[in-house]
Amino acid sequence: MITWLRRNLFRTWWDSIMTVVFGYVGLWVIWTVIEFVFVTGRWEIIQVNLKLLLVGRFPDELMWLVGASLTALAFWVAAVAGGSKIDLNNVQTIPHRLFDYTRRFGLIVALAALLIFLAADIAALLLAFQVLGGVVAGRLVGLARRNLSVLGAIPSIIWHPMLASPAIALVLVTLMESTLEEWGGFLINFYMAIISIVLCFPLGVLLALGRRSSFPIIRLVTTTYIELIRGAPLFVLLLLAGVALEFFIPPSIAPDAIFRGVTVFTLFTAAYLAEIVRGGLQSIPKGQTEAGKALGLSTTKITYLITMPQALRNVIPAQIGQFISLFKDTTLAGAALNILDVLNVGTAITKQQDFLGQGLIYEALAFVALLFWVGSYVMSRESQRLEKRLGVGVR
Amino acid sequence: MSSEVFKDATRMSGGRASDEAIVAMEGVYKRFKDFEALKNINFQVGKQEVVVVIGPSGSGKSTLIRCINRLEEHDDGRIIVDGTELTTDVRNIQEIRKETGMVFQSFNLFPHLTVLANIALAPRQVRGMPKSEAEALARELLERVKIPEQADKFPAQLSGGQQQRVAIARSLAMKPKVMLFDEPTSALDPEMINEVLDAIKQLAQEGMTMVVVTHEMGFAKEVADRVVFMADGEIVEVGTPSEIFDNPKEERTQKFLAQIL
């Protein structure tokens with residue numbers, strides 16, 4: 001222990017000074033956070049407004065829709081993950097697996113537990129179990145596809161839309177069944193992010209292909225689009241979507257703010273994704289295309305079966321990074337389009353009669369940050385895992 | 001290889017069109033900007049014939065066989081493969097690529113697919129073969145190149161020699177009428193060259209029509225029906241292995257052989 005300290009922290013005078021200074025700063029930060037969380041922080045504001053923060057004024061009689069759509073989403077993700085044909089070769093022991101699961105999902109389970117504790121409501125617990133049920137069911141369906149030849153025979157192009165459609169349908173119904181005045185909270189950020197991610201992915205891939213097309217017109221159009229979108233600040237685009245549509249479409253039939261937000265996020269992220277995917281395609285050696293050609297595969301099949309899968313795998317970290325930043329940028333929609341998203345709710349609740357002028361903005365913002373941090377952390381962890389899983393055949 | 005085929009093949013040299021020919025090139029030119037890579041190439045490959053193309057680097061050997069399956073587009077002349085002429089028509093190109101297999105110097109296996117999937121891909125996607133049938137075919141071909149136990153591995157987990165044998169099996173899966181080898185052993189460690197050459201020899205013995213670009217002179221002597229010597233984008237000399245190696249007529253051939261042997 002002493003030798004370890006000497007070797008790693010106090011090897012030279014300079015090291016010793018750094019250790020003392022940074023050690024002090026570090027301890028001070030940790031202490032301040034702990035003090036804030038457990039001593040000085042006044043979390044009643046979160047507890048009282050929990051429902052507002054999470055789902056806004058979502059009508060109680062429609063809450064089942066939220067549960068159903070979340071469950072369908074969980075089912076979809078679990079089924080895709082469970083059905084992946086590629087498996088890491090090492091056999092894992094049960095403690096190893098438990099450790100792995102804790103590392104992957106511990107944080108999200110802890111957050112769920114915290115929320116249930118704060119809500120102190122049996123409905124919240126039931127919702128959690130419902131979502132968990134979705135995960136388990138999805139995993140079983142995924143495994144069944146991998147192991148039963150009847151299910152395995154269904155081509156991916158039918159199977160994946162089949163898995164995704166209940167989730168997408170329920171999310172859309174949830175969005176449509178409620179009006180904007182009732183909507184709000186973190187759920188809006190979450191759903192805007194999910195829908196935009198699902199939509200921008202194919203669009204981004206198409207744009208990337210367009211930019212490499214052999215037709216000059218397609219190349220010109222996609223390049224112009226990508227460069228225009230990437231040249232504009234997201235916030236400005238969101239503001240534009242808020243006001244500019246009225247010039248073209250009468251306000252009575254203009255889509256409401258959430259759809260405008262989703263549209264902007266989709267178009268914006270697709271442009272960035274296109275450049276990421278293009279980079280991935282450029283990293284694939286020419287020999288891959290030549291081998292495909294020599295076998296008699298058509299250009300479309302070479303792209304779809306050979307270059308694109310490899311390109312997408314190569315750029316997973318950058319893709320997920322883009323999705324994470326989209327997820328967090330949904331808070332901008334709140335400011336630009338007057339959507340009652342979690343950030344708007346968070347600042348609004350500090351102006352309530354009971355909490356006004358007590359400086360509770362810290363607590364509100366800390367809670368909002370926590371929600372986003374857990375989401376982003378899980379995405380980033382899973383992306384690393386995905387990369388490892390798909391990297392089995394890496395040269 | 002029967003001696004009959006041997007004789008038949010040796011009769012065919014440059015220029016004359018023949019019904020027997022699987023590949024025929026007439027007056028083919030290929031230019032890269034100002035550089036003439038191929039000049040007036042007249043060349044034929046008969047059924048079940050093994051043609052080995054030799055020559056110094058930059059002499060156009062690879063360009064020659066890459067023109068046969070349109071990985072390079074020729075600028076002048078005609079190329080006819082199995083009765084179909086290579087034109088800009090995409091359908092013709094696809095048709096010809098189905099009938100020609102190619103093995104590359106750098107293997108070019110698909111790293112994201114297992115060995116089995118690498119081989120089964122083209123029969124399934126191009127010939128529309130059912131998955132089970134394509135995989136059975138793939139296993140049979142792996143047996144033929146003597147690595148059946150590697151079926152479920154990924155290319156990166158194999159040695160260079162094994163990868164190249166998978167690449168051969170992958171080409172054979174399309175049941176091509178002619179196989180093109182573009183320096184198949186040049187990227188291999190010395191101890192792996194023979195396993196690949198053996199696989200190619202075995203193919204030759206089974207009567208596969210082949211064009212092989214190689215620096216392995218021993219292999220050329222042993223397997224070739226005809227040897228083509230190229231230099232500066234031209235075919236300098238064509239003959240049986242003994243004619244080329246023991247009794248070369250052209251000065252450039254003599255010089256080249258003196259350098260390498």
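The sequence lines fix the lettering, A, B, ..., with proteins before strands; numbering per chain opens at 1. Keep in mind the model is a prediction, meaning the values are calculated, not measured.
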Can you tell me how far [atom2] of [Y] sits from [atom1] of [X], rounded to the nearest 0.5 angstrom?
{"X": "B:F110", "Y": "A:I302", "atom1": "CZ", "atom2": "CD1", "result": "7.5 Å"}
{"X": "A:E290", "Y": "B:E72", "atom1": "CD", "atom2": "CD", "result": "7.0 Å"}
{"X": "B:H112", "Y": "A:I306", "atom1": "NE2", "atom2": "CD1", "result": "6.5 Å"}
{"X": "B:R124", "Y": "A:L305", "atom1": "CZ", "atom2": "CG", "result": "9.0 Å"}

Counting only heavy atoms from other residues, nucleotides and ligands, does the tally under 6.0 Å from CZ of B:F32 exceed 12? yes
Toward chain A, the part of B:R170 with a non-hydrogen atom under 4.5 Å: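 For B:R170, the contact with chain A is made by backbone and side chain together.
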List the atom of B:F104, the atom of A:A294, and the distance in Å for their closest heavy-atom pair. CZ-CB, 4.0 Å
What is the minimum heavy-atom distance between A:G296 and B:V126, and which atoms define it? O-CG2, 3.6 Å
Please tell me if the side chains of A:L295 and B:R97 come closer than 4.5 Å, counting only heavy atoms from C-beta onward. no
Checking heavy atoms, do the side chain of A:T299, its backbone, both or neither come under 4.5 Å from chain B? neither
Note: vs chain A, highest number of non-hydrogen pairs under 4.5 angstrom among B:K98, B:Q94, B:M102 is B:Q94
N/O donor-acceptor pair under 3.5 Å between A:K301 side chain and B:Q125 backbone: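 A pair under 3.5 Å: yes.
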